[in-house]
Asks: 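First the structure, which I've put down as structure tokens, then a few questions once you've had a look.
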Amino acid sequence: MDERAIGVFDSGLGGLTAVRELRRILPQENIVFFGDTGRVPYGSRSPEVIRKYAAECMRFLEKQNVKMIIVACGTVSSVLGEDMGKGFSVPCMGVVKPAVKAAAAATKNEKIGLIATAATVASRSYEKLTKNLLPHAEFTAKACPLFVPLVENGYSGADCEVTRLVAKDYLSAFDGKDIDTLILGCTHYPLLYNLIDKLTGYRLMLIDAGSEAAVAAKEFLEENGLLSSGQSGKMKFFVTDKIEGFTRLGKEFLGEELCNVTRLDPEELTTR
Ligand code: DGL
């Protein structure tokens, strides 16, 4: 048993979709969430900058005495790849491996699609892991840079016309590819789940990378005897921009009120 909190890191708000799943399957766990809301989006940045920002945020979480860090960000998980957790004193896990495992288990025809940020698609992280598990798989990826700002501005409803048009254009990349499984490789995208499901005629298996990471974290904690023995876990949030915007939109991601939120200056991260 281990009463320390689970650390969850995202470039912004998207990682709260992983927290939502954690709360559902591990309600007894304490959670410390770090959202780098002052520097989001990472998805259009260079790998060097993403690595620097991620290291600062993950070090901060490590100092919060967490028992593990879930990198609930498709972009950071993709850029760090095998280096994930190197030099950290606690185990670190990303979203790519759990999502690919789920997609490989779900697909019937081994034709898998990915939608994610530009940095994630450029890293080919999901594709490489998919080919490791399913060497004959056909993999098609599409970067969807407008999805994050649309979601962050509340344009995520299943009938939102603006987002529907954008999504229709992005998803046309899969026309003729016959995919049966689509990985939502960015943790913001589960908020577009209903819209994408409707637009694709409810015929694709949609894989939510954040949720799959939460399930993998549960397995990891169970296997290593690290589950909390408490009753009802508490949550703490750290962000690098205005608290007000975070709590308002965050409620939509998390499905519950966000209390106990602290704002930090990114400059402070290296010193705190
Ligand atoms: N959280 C990021 C991801 O899952 C999306 C937002 C960003 O571009 O930083 O890829």
Side-chain angles (χ1 to χ4, degrees), residues 10-12 14-15 17-18 21 41-45 47 50 71-82 84 93-151 156 163 166-216:
D10 182 37
S11 57
T17 55
E21 183 65 4
Y42 284 14
S44 47
R45 297 183 191 273
I50 294 168
V71 175
C73 175
T75 303
V76 174
S77 303
S78 294
V79 169
L80 294 186
E82 291 298 312
M84 170 88 55
M93 121 182 336
V95 298
V96 177
K97 222 181 254 177
V100 168
K101 267 189 169 175
T107 183
K108 298 265 187 298
N109 66 5
E110 302 202 359
K111 292 178 183 169
I112 297 174
L114 166 75
I115 51 173
T117 65
T120 297
V121 171
S123 77
R124 298 182 59 218
S125 60
Y126 284 93
E127 181 177 354
K128 287 180 203 155
L129 269 179
T130 300
K131 293 280 168 70
N132 281 350
L133 290 184
L134 301 173
H136 302 295
E138 285 176 29
F139 192 91
T140 310
K142 176 69 184 166
C144 306
L146 290 175
F147 277 172
V148 169
L150 282 166
V151 167
S156 54
T163 310
V166 172
K168 194 163 176 248
D169 185 59
Y170 283 148
L171 295 172
S172 68
F174 302 103
D175 288 353
K177 302 287 182 187
D178 192 29
I179 59 164
D180 68 352
T181 303
L182 179 66
I183 303 174
L184 312 183
C186 165
T187 49
H188 276 67
Y189 297 180
L191 265 86
L192 300 176
Y193 191 104
N194 292 337
L195 185 142
I196 293 168
D197 206 16
K198 191 171 175 190
L199 200 55
T200 51
Y202 307 100
R203 57 184 181 79
L204 299 181
M205 280 297 300
L206 300 181
I207 306 294
D208 171 344
S211 286
E212 296 302 334
V215 172

Asks: Hey, what do you get for NZ (K198) to CD1 (I196), rounding to the nearest 0.5 Å?
Replies: 13.5 Å

Asks: When rounded to the nearest 0.5 angstrom, what is the spacing between OG in S125 and CD in E82?
Replies: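 Separation between the atoms: 11.0 Å.
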
Asks: CG/D169 to CG/L146 distance, rounded to the nearest 0.5 angstrom?
Replies: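 Output value for this atom pair is 9.0 Å.
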
Asks: Please name all residues satisfying side-chain hydrogen bond (donor to acceptor under 3.5 Å, both in side chains) with S211, sequence neighbours left out, ordered by chain then number.
Replies: D208

Asks: Among residues at least two apart in sequence or on other chains, which ones pass side-chain contact (heavy atoms from CB on, under 4.5 Å) with V215?
Replies: E21, I25, E219

Asks: Taking atom types as modelled and ignoring hydrogens, do the side chains of T75 and S78 form a donor-acceptor contact shorter than 3.5 angstrom?
Replies: no

Asks: Can you give me the closest heavy-atom contact between D10 and C73, atom names plus distance?
Replies: OD1-CB, 3.0 Å

Asks: side-chain contact (heavy atoms from CB on, under 4.5 Å) with V148: which residues, sequence neighbours excluded?
Replies: E152, C186, H188, Y189

Asks: Give a yes or no on whether the backbone of T187 and the side-chain of T17 come within a donor-acceptor separation of less than 3.5 Å.
Replies: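 Here the side-chain-to-backbone pair exists.
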
Asks: Would you mind reporting whether L171 and L182 have side-chain heavy atoms less than 4.5 Å apart?
Replies: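 Counting from C-beta outward, L182 and L171 do come under 4.5 Å.
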
Asks: Scan the side chains in residues 106-116 for donor-acceptor partners under 3.5 Å anywhere in the protein, sequence neighbours excluded, and list what turns up.
Replies:
{"from": "T107", "atom 1": "OG1", "to": "N109", "atom 2": "N", "distance (Å)": "3.4"}
{"from": "T107", "atom 1": "OG1", "to": "N109", "atom 2": "OD1", "distance (Å)": "3.4"}
{"from": "T107", "atom 1": "OG1", "to": "E110", "atom 2": "N", "distance (Å)": "2.9"}
{"from": "T107", "atom 1": "OG1", "to": "D180", "atom 2": "OD1", "distance (Å)": "2.7"}
{"from": "T107", "atom 1": "OG1", "to": "D180", "atom 2": "OD2", "distance (Å)": "3.4"}
{"from": "N109", "atom 1": "OD1", "to": "K111", "atom 2": "N", "distance (Å)": "2.9"}
{"from": "N109", "atom 1": "ND2", "to": "D178", "atom 2": "O", "distance (Å)": "2.8"}
{"from": "K111", "atom 1": "NZ", "to": "D178", "atom 2": "OD2", "distance (Å)": "3.4"}

Asks: For a quick test of reading the model, state the closest non-hydrogen atom pair linking G185 to A209 and the distance between them.
Replies: CA-CB, 4.3 Å

Asks: Between atom CE of M84 and atom NZ of K97, what is the distance when rounded to the nearest 0.5 Å?
Replies: 9.5 Å

Asks: Taking side-chain contact (heavy atoms from CB on, under 4.5 Å) as the definition, give me every residue that meets it alongside P145, ordered by chain and number, with sequence neighbours left out.
Replies: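 Residues passing side-chain contact (heavy atoms from CB on, under 4.5 Å) with P145: A143, Y170.
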
Asks: Kindly list each side-chain donor-acceptor pair under 3.5 angstrom involving residues 128-140, sequence neighbours excluded, with atom names and distances?
Replies:
{"from": "K128", "atom 1": "NZ", "to": "S123", "atom 2": "O", "distance (Å)": "3.4"}
{"from": "T130", "atom 1": "OG1", "to": "Y126", "atom 2": "O", "distance (Å)": "2.7"}

Asks: Please tell me if the side chains of T117 and V121 come closer than 4.5 Å, counting only heavy atoms from C-beta onward.
Replies: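 Counting from C-beta outward, T117 and V121 never come under 4.5 Å.
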
Asks: How long is the span from the CG atom in L204 to the CD1 atom in I183, to the nearest 0.5 Å?
Replies: 12.0 Å

Asks: Taking all non-hydrogen atoms of both residues into account, name the closest pair between I50 and A119 and its distance.
Replies: CD1-CB, 3.9 Å

Asks: Between CZ of R203 and CG of D197, what distance do you get to the nearest 0.5 Å?
Replies: 10.5 Å

Asks: Check whether any side-chain heavy atom of I207 lies under 4.5 Å from a side-chain heavy atom of L184, and answer yes or no.
Replies: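 Of all side-chain heavy-atom pairs linking L184 with I207, none is under 4.5 Å.
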
Asks: For the residue pair A18 and A214, what are the closest heavy atoms and their distance?
Replies: O-CB, 3.7 Å

